[in-house]
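Notes follow the structure.
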Amino acid sequence: MDSLKATAKPFLTLFGMALIIAVIGRIGLGIMAATGTLAFDYISASGVAILDVICSILTGSAFVAFLFAAGLALCLSTAGPVLYGALFAQGNRGAGKASTAFLWGWATALVAIVCLAIVASGILSAVQVGSMSSKLPGTGVLIVALVVFAAFLGTLLGAASMVVCACICRSRAGKGTLARNLLLATALCGLAVMVLTVGTFGALNQVSINAPVLLAWFGCDVVVNLAMLFGARALMGRTANSPKAAVPSAA
């Protein structure tokens with residue numbers, strides 16, 4: 001029983017963070033459904049958005065395999081910030097810096113995309129690949145889109161890493177418990193990410209994509225992600241200079 005009590009708070013915190021993300025995600029989906037960004041019955045729609053066309057190709061076993069590929073990419077993307085925060089908590093001299101958070105965030109995003117591509121490359125038939133290729137833009141545009149997406153996801157994971165470090169730093173300085181700090185950060189940062197995700201997805205999931213509008217949304221995503229990254233780093237600096245602070249140096 002003592003062992004169960006000792007591990008209860010961390011798991012309850014984890015469950016709480018997951019529930020917060022689920023609620024915020026559900027709100028975002030509701031907004032997209034209300035604004036017509038998501039087409040649940042694309043066949044009856046007058047125009048077919050590009051992502052609906054692509055997803056309609058993923059049927060049967062290919063869809064199940066794609067769920068595994070997406071799950072792998074998401075697990076890696078989640079594990080990256082957690083690992084970075086654990087390294088900071090252990091006093092690793094490379095953790096807790098904006099530069100390393102960004103670089104490892106970008107690397108994590110890149111590896112997640114590569115893992116997704118490796119699995120996805122084996123789940124589509126030649127007919128499906130041909131059908132999808134005929135509806136997608138050219139190779140050059142796809143490469144640019146991949147670079148932009150990696151930059152967006154990399155800054156997001158870097159920001160998440162620094163936010164985790166800031167939560168650890170504040171809890172060690174006596175500014176709230178780690179659980180409370182993590183739950184609060186999940187709610188506040190999650191709402192910001194949800195708003196940007198809805199806007200970006202809305203610009204992307206169109207019958208005819210307006211490139212300037214889409215790039216503008218991606219630009220906003222990167223700016224906000226960097227603001228969260230450097231904001232968390234600045235918060236760590238202020239917390240480290242407080243009298244109660246007892247954290248590893250993050251200079």
Side-chain angles (χ1 to χ4, degrees), residues 10-42 45 49-52 54-56 58 63-85 105 108-109 112-113 115-116 119-120 145 148-164 166-167 179-206 213-214 216-229 231-232:
F11 273 96
L12 291 176
T13 302
L14 173 63
F15 299 157
M17 294 171 66
L19 289 170
I20 289 173
I21 294 172
V23 171
I24 293 175
R26 182 64 185 86
I27 293 172
L29 288 172
I31 294 173
M32 287 191 284
T35 56
T37 302
L38 287 179
F40 296 101
D41 187 10
Y42 75 92
I50 184 171
L51 291 183
D52 294 324
I54 296 173
C55 291
S56 68
L58 296 172
F63 176 70
V64 175
F66 186 79
L67 289 179
F68 161 71
L72 174 61
L74 288 173
C75 285
L76 179 58
S77 299
T78 304
V82 174
L83 175 60
Y84 192 88
T108 301
I113 294 173
C115 291
L116 179 62
V119 178
V148 172
F149 182 70
F152 153 68
L153 190 57
T155 54
L156 177 60
L157 297 182
S161 298
M162 287 304 297
V163 169
V164 171
C167 290
R180 192 190 74 172
N181 289 332
L182 286 172
L183 292 171
L184 182 62
T186 300
L188 294 178
C189 296
L191 285 171
V193 173
M194 181 270 287
V195 171
L196 292 171
T197 300
V198 169
T200 304
F201 188 88
L204 177 63
N205 195 36
Q206 299 292 328
V213 173
L214 180 59
W217 272 106
F218 271 119
C220 290
D221 294 336
V222 172
V223 169
V224 173
N225 291 340
L226 291 176
M228 289 191 293
L229 190 156

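Residue indices begin at 1 and follow the sequence shown.
The two residues S161 and P81 have their closest heavy-atom pair at OG-CA, 3.4 Å. M228 and V163 make their closest contact through O-CG2, 4.5 Å (heavy atoms, listed as atom of the first residue, atom of the second, distance).
Taking the side chain as every heavy atom from C-beta outward, V82 and V164 never approach each other to under 4.5 Å. Between L116 and L72, every side-chain heavy-atom pair lies at or beyond the 4.5 Å cut-off. Side-chain atoms of L204 and W217, non-hydrogen and from C-beta on, never get closer than 4.5 Å to each other. The closest side-chain heavy-atom distance from L229 to T155 is not below 4.5 Å.
Going from atom SG of C75 over to atom CZ of F68 covers 9.5 Å, rounded to the nearest 0.5 Å. Rounded to the nearest 0.5 angstrom, I31 CD1 and M194 CE are separated by 4.5 Å. Note that CG of L157 is 9.0 Å distant from CG of N225, once rounded to the nearest 0.5 Å. Atoms CZ and CG, from F201 and L29 in turn, are 9.0 Å apart once rounded to the nearest 0.5 Å. Considering OG1 of T78 and CD1 of I21, their distance stands at 7.5 Å, rounded to 0.5 Å.
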Considering only distance and modelled atom types, tabulate donor-acceptor pairs under 3.5 Å from the side chains of residues 182-190, sequence neighbours left out.
residue: T186; atom: OG1; partner: L182; partner atom: O; Å: 2.7

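In this structure, the side chain of T200 does not engage the main chain of T197 through any donor-acceptor pair within 3.5 Å.
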Take I24 and L191, measure what side chain to side chain contact (heavy atoms under 4.5 Å, CB included) needs, and give me the verdict at the end. CA-CA 6 Å; I24 293 175; L191 285 171; 4.1 Å; yes
